[in-house]
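One structure is given here, and the rest of the page talks about it.
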2 protein chains.
Amino acid sequence: MTTQTAAEADECPVVGTLEDVLAALGDPVRLEMVRRMWGAGGPKPCGQLYAGVSKSTASHHFKVLREAGIVRTARINGKVHQELRKAELEAAFGPVLESVVRAANR
Amino acid sequence: MTTQTAAEADECPVVGTLEDVLAALGDPVRLEMVRRMWGAGGPKPCGQLYAGVSKSTASHHFKVLREAGIVRTARINGKVHQELRKAELEAAFGPVLESVVRAANR
DNA sequence: CATCTAGTTCGACGAGTATCGAACTAGATG
DNA sequence: CATCTAGTTCGATACTCGTCGAACTAGATG
């Protein structure tokens, strides 16, 4: 990978496989992160997306979500934000994410 | 659990958590098993639900699906069959399984 | 009964995972 | 510049997971 800005480097051109996505969502911490992002409608500061685990653990989870193509990372006003790649996921898997988040919100 | 027949013993009264279900589906072998069952409309012999892994590995995967509450096991004419618990999953999680299988069928 | 097929359990193994604190990096602020 | 907060990476750890073949179980069949 050539030198890019942080935002670009986290812009995965491809979403992971359906299994990758499901496996990534199959963890309570990550599912909660995604659930919180779903309602945000845009980038959200990392610290607002989880509770109950350490910063380093949360960082690990964001990495898993990112590598599965579920989120993208952006630095806004010097703070790291995470945002769901709704459009890409919808394009690849249809209403999977939406149905999952709705189920998580039950 | 009191003594019951094999079919009854595999009748889990409760579906697993959403994370359990997603994690169970987040494996290529198990996702394929579920995808094949989806179109069956009823119990299906185990041997028809997978390919590429050994019998013991397949058996392990069926166990994971069963413990997540995704399938139920029944013995028909002496042969073990697996069947999706569509109604229970729909009741617990809405259209999650349907959207996942549709995505798997893309 | 013996034999067969289908499926489960067991034990082992290498790989992967979720977690943490320490060390580090990235910015903002005064 | 120093200091702070937010977030990442690293190393370590205990645990889990997917895999297999062997041994076992469950039925059907002749």
Side-chain angles (χ1 to χ4, degrees), chain A residues 1 3-10 12 16-17 19-34 36-37 43-68 70-83, chain B residues 1 3-10 12 16-17 19-34 36-37 43-68 70-83:
Chain A
M1 187 181 296
T3 309
Q4 298 176 310
T5 64
E8 282 166 352
D10 292 307
C12 303
T17 63
E19 303 97 81
D20 292 340
V21 170
L22 295 175
L25 296 175
D27 170 81
V29 175
R30 292 198 290 275
L31 185 59
E32 177 62 16
M33 286 172 164
V34 166
R36 291 188 185 192
M37 276 186 261
K44 197 95 172 148
C46 295
Q48 292 179 20
L49 297 171
Y50 67 91
V53 292
S54 68
K55 282 188 182 179
S56 59
T57 299
S59 194
H60 160 77
H61 284 305
F62 286 127
K63 182 176 182 182
V64 173
L65 289 173
R66 187 161 56 248
E67 290 177 348
I70 297 174
V71 306
R72 68 170 65 86
T73 305
R75 191 173 283 273
I76 300 173
N77 295 323
K79 294 190 67 173
V80 179
H81 288 55
Q82 307 287 348
E83 177 180 16
Chain B
M1 188 181 293
T3 309
Q4 300 174 307
T5 64
E8 281 166 353
D10 293 308
C12 303
T17 64
E19 304 98 80
D20 292 338
V21 169
L22 295 174
L25 296 174
D27 171 81
V29 176
R30 291 198 289 275
L31 185 59
E32 177 62 16
M33 286 172 165
V34 167
R36 291 187 185 192
M37 276 187 260
K44 196 95 171 144
C46 295
Q48 293 179 20
L49 296 171
Y50 67 93
V53 293
S54 68
K55 280 188 183 179
S56 59
T57 299
S59 193
H60 159 77
H61 285 303
F62 286 128
K63 182 176 180 182
V64 173
L65 289 173
R66 187 161 56 245
E67 290 178 346
I70 297 173
V71 305
R72 68 170 65 87
T73 307
R75 192 173 282 274
I76 300 173
N77 295 323
K79 292 190 69 173
V80 179
H81 288 56
Q82 307 286 349
E83 177 180 18

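What you see below is based on every heavy atom in this structure, not just the backbone, and it leaves out hydrogens, waters and symmetry mates. Just so we're on the same page: letters track the sequence lines, and every chain starts at 1.
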(message) Does Val34(B) form a side-chain contact (heavy atoms from CB on, under 4.5 Å) with Leu25(B)? I'd like the steps, not just the answer.
(response) CA-CA 8 Å; Val34(B) 167; Leu25(B) 296 174; 3.7 Å; yes
(message) Between Leu22(B) and Leu31(A), does the side-chain contact (heavy atoms from CB on, under 4.5 Å) criterion hold? Intermediate values first, please.
(response) CA-CA 10 Å; Leu22(B) 295 174; Leu31(A) 185 59; 4.1 Å; yes
(request) Could you walk me through whether Arg36(A) and Gln48(A) pass side-chain contact (heavy atoms from CB on, under 4.5 Å), step by step? (result) CA-CA 8 Å; Arg36(A) 291 188 185 192; Gln48(A) 292 179 20; 5.9 Å; no
(request) Starting from the C-alpha separation in whole Å, work towards a yes-or-no answer on side-chain contact (heavy atoms from CB on, under 4.5 Å) for Met33(A) and Val64(A). (result) CA-CA 12 Å; Met33(A) 286 172 164; Val64(A) 173; over 6 Å; no
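Here the closest heavy-atom approach between residue Val71(A) and residue Phe62(A) is recorded as CG2-O, 4.1 Å. Across Val53(B) and Val29(B), no two heavy atoms sit closer than the pair CG1-CG2, 4.0 Å. Taking every heavy atom of both residues into account, Asp27(A) and Glu19(B) meet most closely at C-CG, 4.0 Å. For the residue pair Ala24(B) and Ala68(B), the shortest heavy atom distance occurs at CB-CB, 4.0 Å. Of all heavy-atom pairs spanning Leu49(B) and Met37(B), the tightest one is CD2-CG, 3.6 Å.
For the pair Gln82(A) CD and dA6(D) C1', the computed distance is 12 Å after rounding to whole Å. Rounded to an integer number of Å, the gap from Leu49(A) CG to dG7(D) C1' is 13 Å. Whole-Å rounding puts the Lys44(B) NZ to dA6(C) C1' distance at 16 Å. The NE2 atom of His81(A) sits 8 Å away from the P atom of dG7(D) (whole-angstrom rounding). Whole-Å rounding puts the Ile76(B) CD1 to dA26(D) P distance at 18 Å. Per the geometry, CE belonging to Met33(A) stands 12 Å off C1' belonging to dA18(C), to the nearest Å. Per the geometry, CD belonging to Glu32(A) stands 17 Å off C1' belonging to dA18(C), to the nearest Å. Per the geometry, CZ belonging to Arg30(A) stands 9 Å off C1' belonging to dT17(C), to the nearest Å.
When the options Cys46(A), Pro45(A), Pro43(A) are evaluated for a side chain to side chain contact (heavy atoms under 4.5 Å, CB included) with Gln82(A), the one that passes is Cys46(A).
Taking NZ of Lys63(B) as the reference point, atom NE2 of His60(B) lies at 8.5 Å (rounded to 0.5 Å).
Contact between the side-chain N/O atoms of Arg75(B) and the OP1/OP2 oxygens of dA26(D) is not found at any separation under 4.0 Å.
At a non-hydrogen distance threshold of 4.0 Å, nothing from residues 19-28 of chain B comes into contact with DNA chain C. Against DNA chain D, the stretch residues 50-65 of chain B makes heavy-atom approaches under 4.0 Å through Val53(B), Ser54(B), Ser56(B), Thr57(B), His60(B), His61(B).
Set against dA6(D), dT19(C), dT8(D), the side chain of Val29(A) has dT19(C) as its closest nucleotide.
Stem analysis of DNA chain C (at least three stacked-register Watson-Crick or G-U pairs, each with both distances under 3.5 Å) gives C:1-30 with D:1-30.
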